[in-house]
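A short write-up of the structure that comes next.
All values below come from the heavy atoms of this structure, side chains included, with hydrogens, waters and symmetry mates left out.
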Amino acid sequence: MAPSWSLKAVEGLAEALPQPAGLLLGAVDEAAHIVTLAGVVPAAADASAKTVADLAGEVLELLPLGVQVVGSYGCSAPPPLPPLGASGPGCPAVGVQRGGAGFTLDGEPAAEEVVAPAQAGALALPGFVVLRVHCDLVLRVVCPPGGATLQALAHAFVEAAEQLAGPQLVFISEPKPGGAPALLTATSQGALRAALRAADPCASLAPLTATGSARGAPAAPALEFSPAATGSSVREVPLGLDALALVPDASPAGALCSSALGPALRRQLDLMEKLLARRLQPAPAGGDGGGDGLVAVRAHHFRPPGWALPFTACYPRVAADAGAAEDALLPRRQALHALLGLPGDVPMLRFANALKWGAGAEGGDGEGTGRAARLKDDRFNDSGWGCAYRSLQTIVSWFRQQRYTDKPVPSHREIQQLLVKLGDKDGSFIGSSNWIGAIELSYILNDHARELAAHFAAQGTPVMIGGGVLAYTLLGVQFDELTGEAAFLILDPHYTGGEDLKKIQQGTWVAWKVPGDSAAAGGPLFVDDTFYNFLLPQRPSTV
């Protein structure tokens with residue numbers, strides 16, 4: 001009798017299916033006979049079989065090794081499912097019921113179990129472990145007299161791949177603070193979690209290669225000789241490998257070096273070779289920046305809102321300046337947004353969006369995951385004069401947190417220096433305790449609540465309010481269309497205490513207020529006979 005399979009689906013997936021067609025992505029636990037549905041990528045309903053297969057291939061190259069196309073819906077030519085283990089049972093195809101009411105297994109309605117990530121911010125699916133394996137390599141390309149060629153590039157990548165293959169390859173884990181590293185080898189015993197001493201669903205590892213052999217260490221210094229044609233040169237190309245693999249958490253540890261970790265690194269090497277090969281062509285394609293073909297390449301991990309799993313993109317470093325590099329990679333990001341069905345006017349795949357891996361394997365301090373670990377404060381005393389500076393810094397911070405820029409929030413002195421450079425202030429302004437204010441169109445708060453609500457709906461950027469000797473930051477608007485009543489979420493930058501979020505919120509330093517309420521420090525929030533300026537920053541419509 002054929003084994004019975006069960007289906008799990010990430011929470012909210014059934015309600016977020018792109019119409020009218022798409023590929024269903026998931027992971028398969030062969031031993032437990034469970035298919036876990038993790039994501040969807042839009043597809044054209046009338047696409048040919050080759051187009052659908054190419055789309056599946058492009059998408060899977062970005063996702064952790066082990067993620068599969070487990071089904072589709074609405075496609076006239078659904079992609080073939082990849083085979084499982086040589087002796088294992090076939091995985092049933094996942095589909096969508098008519099009307100998007102639920103999922104099917106091999107055409108029959110499936111009572112899926114709805115699951116959420118194992119913990120807030122976790123990168124793995126329940127029952128699986130995300131293995132991150134990373135290392136830096138220097139690719140040595142022996143270029144003939146005429147310059148780099150595709151043949152020379154291919155030879156260099158073959159040599160690099162040989163360093164990441166064979167039974168001598170072992171991996172060392174990166175422990176959490178206070179923990180000890182673990183080695184993962186072909187002879188490791190037990191299940192993966194036990195071998196890594198890991199309780200969380202993510203683990204970060206680095207490869208090690210054996211430094212000796214059965215014959216022992218050499219008795220004399222060894223030299224490596226690589227013959228090359230006269231006039232040849234060697235180009236060293238830095239590669240930042242950073243690959244992910246998704247495996248069931250009960251997987252035998254000893255098999256993973258050859259079945260997951262090594263293959264994940266070598267797959268990424270292949271992608272980097274294709275990227276650099278395109279750049280050696282007379283007319284580079286793929287939106288990878290153009291210019292000199294042999295440039296450094298580094299892998300970056302991303303997880304946009306709504307994605308249950310991270311994916312990885314390899315970016316060439318086409319300029320030393322980070323801003324110039326971002327600009328050059330715009331066509332590549334636009335292509336990825338279109339491929340993955342991401343919005344075309346919000347940055348999600350910039351360097352600043354990349355997941356940061358620090359202590360632990362869940363994005364380090366929260367940068368890139370949308371979770372801030374602590375309040376951010378430059379510890380500068382500007383009591384009595386710096387409210388507008390703080391408001392401006394809040395706005396710049398919003399653009400940073402939304403990944404429109406990775407430039408740092410300017411200090412008070414840097415703001416003053418810029419105003420002097422622009423000619424708005426004279427040199428004595430630098431280092432002073434003089435106020436600054438907003439210089440934009442003037443509004444009356446209550447009369448323009450509808451316009452402010454529209455601003456937050458369309459732009460979302462914080463609004464700076466300046467009037468008299470005070471400045472506030474407006475973070476949101478509640479507007480009742482029927483009654484015209486409005487409330488305003490106001491951040492009061494006059495707070496001078498410690499980094500105590502509870503105290504800040506209870507003290508109404510960040511709170512909903514209506515005209516006539518008092519300021520957090522006492523006194524009227526807005527003064528009737530004061531002229532107020534509103535600064536409404538506009539976000540760029542770009543990726």
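- Remark: side-chain polar atoms of Gln189 are paired, donor with acceptor, to backbone N or O of Thr187 under 3.5 angstrom.
- Side chain of Ser6 to backbone of Ile34: no donor-acceptor contact under 3.5 angstrom is found.
- Salt bridge absent: Glu273 and Arg266 never bring a charged side-chain N and a carboxylate O closer than 4.0 Å.
- Between Phe302 and Phe311, the ring-plane angle classifies as tilted under the 30° and 60° cut-offs.
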Q.
Between Val234 and Val141, is the side-chain contact (heavy atoms from CB on, under 4.5 Å) condition met? List the steps.
A. CA-CA 6 Å; Val234 176; Val141 184; over 6 Å; no
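- Partner of Val40 under the side-chain contact (heavy atoms from CB on, under 4.5 Å) criterion, out of Leu25, Leu13, Leu23: Leu13 alone.
- Atom CG in Leu183 sits 11.5 Å away from atom CZ in Phe171 (nearest 0.5 Å).
- For the atom pair Asp345 CG and His337 NE2, the distance stands at 9.5 Å (nearest 0.5 Å).
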**Q.** Worked check of side-chain contact (heavy atoms from CB on, under 4.5 Å) between Val297 and Arg317
**A.** CA-CA 6 Å; Val297 181; Arg317 192 68 176 190; over 6 Å; no
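- A donor-acceptor contact under 3.5 angstrom links the side chains of Asp242 and His301, judged on distance only.
- Looking only at distances, no side-chain donor or acceptor of Arg333 sits under 3.5 Å from a matching main-chain atom of Asp327.
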Q. Hey, mind stepping through Leu192 and Asp249 against side-chain contact (heavy atoms from CB on, under 4.5 Å) and telling me if it holds?
A. CA-CA 6 Å; Leu192 172 63; Asp249 54 13; 5.7 Å; no
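- The residues Lys50 and Asp54 are annotated as salt-bridged, a charged nitrogen and a carboxylate oxygen being separated by less than 4.0 angstrom.
- Ser48 pairs with exactly one of Val52, Thr51, Asp46 by the side-chain contact (heavy atoms from CB on, under 4.5 Å) rule, that one being Thr51.
- A salt bridge does not link Arg267 with Glu61: none of the charged nitrogens is closer than 4.0 Å to a carboxylate oxygen.
- The distance from atom CG of Leu340 to atom CH2 of Trp307, rounded to the nearest 0.5 Å, is 4.5 Å.
- For Gln538, the CD atom is densely surrounded, since the number of other residues' heavy atoms within 6.0 Å is greater than 12.
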Q: Please assess Val170 against Leu184 for the test side-chain contact (heavy atoms from CB on, under 4.5 Å), listing each intermediate value before the final yes or no.
A: CA-CA 6 Å; Val170 299; Leu184 201 62; over 6 Å; no
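- Counted by atom type alone, Ser204 and Arg132 present one or more donor-acceptor pairs between their side chains at under 3.5 Å.
- A distance of 8.5 Å separates CG in Asp29 from NZ in Lys8, rounded to the nearest 0.5 Å.
- Close placement of the Tyr315 and Phe351 rings is indicated, their centers lying within 6.0 Å of each other.
- Tested against Pro207, the residues Leu137, Leu169, Leu241 include a single side-chain contact (heavy atoms from CB on, under 4.5 Å) partner, Leu169.
- A donor-acceptor contact closer than 3.5 angstrom is absent between the side chains of His155 and Gln151.
- Atoms CG and CG, from Leu131 and Leu246 in turn, are 8.5 Å apart once rounded to the nearest 0.5 Å.
- The backbone N or O of Ala45 sits less than 3.5 Å from a side-chain atom of Ser76, completing a donor-acceptor pair.
- Checking side-chain atoms of Glu236 against main-chain N and O of Arg140 turns up no donor-acceptor pair under 3.5 Å.
- Judged purely by atom type and a 3.5 angstrom limit, Thr149 uses its side chain to pair as donor or acceptor with the backbone of Ala152.
- Going from atom SG of Cys135 over to atom CG of Leu239 covers 9.0 Å, rounded to the nearest 0.5 Å.
- Under 3.5 Å, the side chains of His134 and Glu174 contain a donor-acceptor pair of N or O atoms.
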